[in-house]
Amino acid sequence: MANNRATKSGFAAEAQRKINSKYSEELAQECLEWIKLVTDENIDVAGDMDNFYEILKDGTLLCRLVNALQPGSVKKINESTMAFKCMENINNFLKTATEMGVPAQETFQTVDLWERQNLNSVVTCLQSLGRKGHQFGKPSIGPKEADKNVRNFSEEQLKAGQGIISLQYGSNKGANQSGINFGNTRHM
């Protein structure tokens, strides 16, 4: 694994292996195929970690993706390969994805992608954004998001519900004390 940090050992290496074990090549490939479809970019859609990282690490494709979904959402895409410019692209993508409705718990930290610390969280974020594709007139990936199902009860209905004893409280129907012994019997 090539990254910008010194080689990890001991606990850090084990933690990194655990994070990497959650990575799904199938989901990553689905994300890359969706990005290719939405952006019309000619990219390699292989879902292995190395390819996924190489394609997305500078953040330019991610910015073009959100611009394809919602034109003008990222004003300036940095084409420079300087670290802080690439990380700025990733930050711009994350900010826009959040504005598009990706929940904060489904986003990732910039270093997760830039330093290749947690590519699984990048896949999770792209899957979440992909579910919202239809809202922007583009194809979607993954399961369809649920619609809100708000229920409004009248005051009378709420009061009627308070008089009902839920079975979660249990029942003493048919209960008796047979078979209950306290302590151990004395054997002589």
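Predicted model only: the values in this text are computed from it and were never measured.
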Sequence-distant partners of E41, side-chain hydrogen bond (donor to acceptor under 3.5 Å, both in side chains), two or more places apart = R64
With side chain to side chain contact (heavy atoms under 4.5 Å, CB included) as the test, would you mind laying out the steps for Q127 and E30 before giving the verdict?
-> CA-CA 9 Å; Q127 286 280 315; E30 184 181 26; 3.2 Å; yes
Which heavy atom in N92 sits nearest to a heavy atom in C63, and how many Å separate them?
-> CB-SG, 4.4 Å
Under a single-linkage rule joining Ile, Leu, Val, Met, Phe, Trp and Tyr whose side-chain heavy atoms are separated by less than 4.5 Å, which residues share a cluster with L158?
-> F153
Is there a donor-acceptor pair under 3.5 Å between the side chain of N118 and the backbone N or O of D112?
-> no
d(Q70 CD, F136 CZ) to nearest 0.5 Å is 5.0 Å
Do you know the tightest heavy-atom contact between G133 and L69?
-> CA-CD2, 4.4 Å
Where the side chain of Y23 meets the backbone of S121, is there a donor-acceptor pair that is under 3.5 Å apart?
-> no
Could you go step by step and tell me if Q157 and R151 meet the side chain to side chain contact (heavy atoms under 4.5 Å, CB included) rule?
-> CA-CA 12 Å; Q157 289 171 316; R151 297 189 170 110; over 6 Å; no
Rounding to 0.5 Å, atoms CG (D50) and CZ (R116) come to a distance of 4.5 Å
Ion pair check, E155 and K159, cut-off under 4.0 Å = no
Between the side chain of N78 and the main-chain N/O of S80, is any donor-acceptor distance below 3.5 Å?
-> no
Going from SG on C86 to CD on E79, what distance comes out if it is rounded to the nearest 0.5 angstrom?
-> 9.5 Å
Should F93 and L129 be marked as a side chain to side chain contact (heavy atoms under 4.5 Å, CB included) after you check the CA-CA gap, both sets of side-chain angles, and the distance that decides it?
-> CA-CA 11 Å; F93 164 77; L129 183 61; 3.8 Å; yes
Is the number of heavy atoms from other residues, nucleotides or ligands within 6.0 Å of CD (E156) greater than 12?
-> no
Quick one: pull up OG1 in T81 and NZ in K57 and give me the separation to the nearest 0.5 Å.
-> 9.0 Å
Counting only N and O atoms by type, is there a donor-acceptor contact under 3.5 Å from the side chain of S73 to the main-chain atoms of V66?
-> yes
Quick one: does N89's side chain have a donor or acceptor within less than 3.5 Å of a partner on I77's backbone?
-> no
Side-chain donor-acceptor pairs of residues 31-38 under 3.5 Å, sequence neighbours excluded:
from	atom 1	to	atom 2	distance (Å)
E33	OE2	Q29	NE2	3.1
W34	NE1	P139	O	2.7

Any donor and acceptor pair, going by atom type alone, linking the side chain of S128 with main-chain N or O of T124 inside 3.5 Å?
-> no
About how many Å separate CG of L126 and CG of L65, when rounded to the nearest 0.5 Å?
-> 7.0 Å
So, D58 and T60: side-chain donor and acceptor under 3.5 Å apart, yes or no?
-> yes
Spacing of F108 atom CZ and L113 atom CG [to the nearest 0.5 Å] | 5.0 Å
When you look at L94 and T110, which way does the side chain to side chain contact (heavy atoms under 4.5 Å, CB included) test go after all the steps?
-> CA-CA 8 Å; L94 289 168; T110 302; 4.0 Å; yes
Checking N51 side chain against D48 main chain: does a donor-acceptor pair fall under 3.5 Å?
-> no
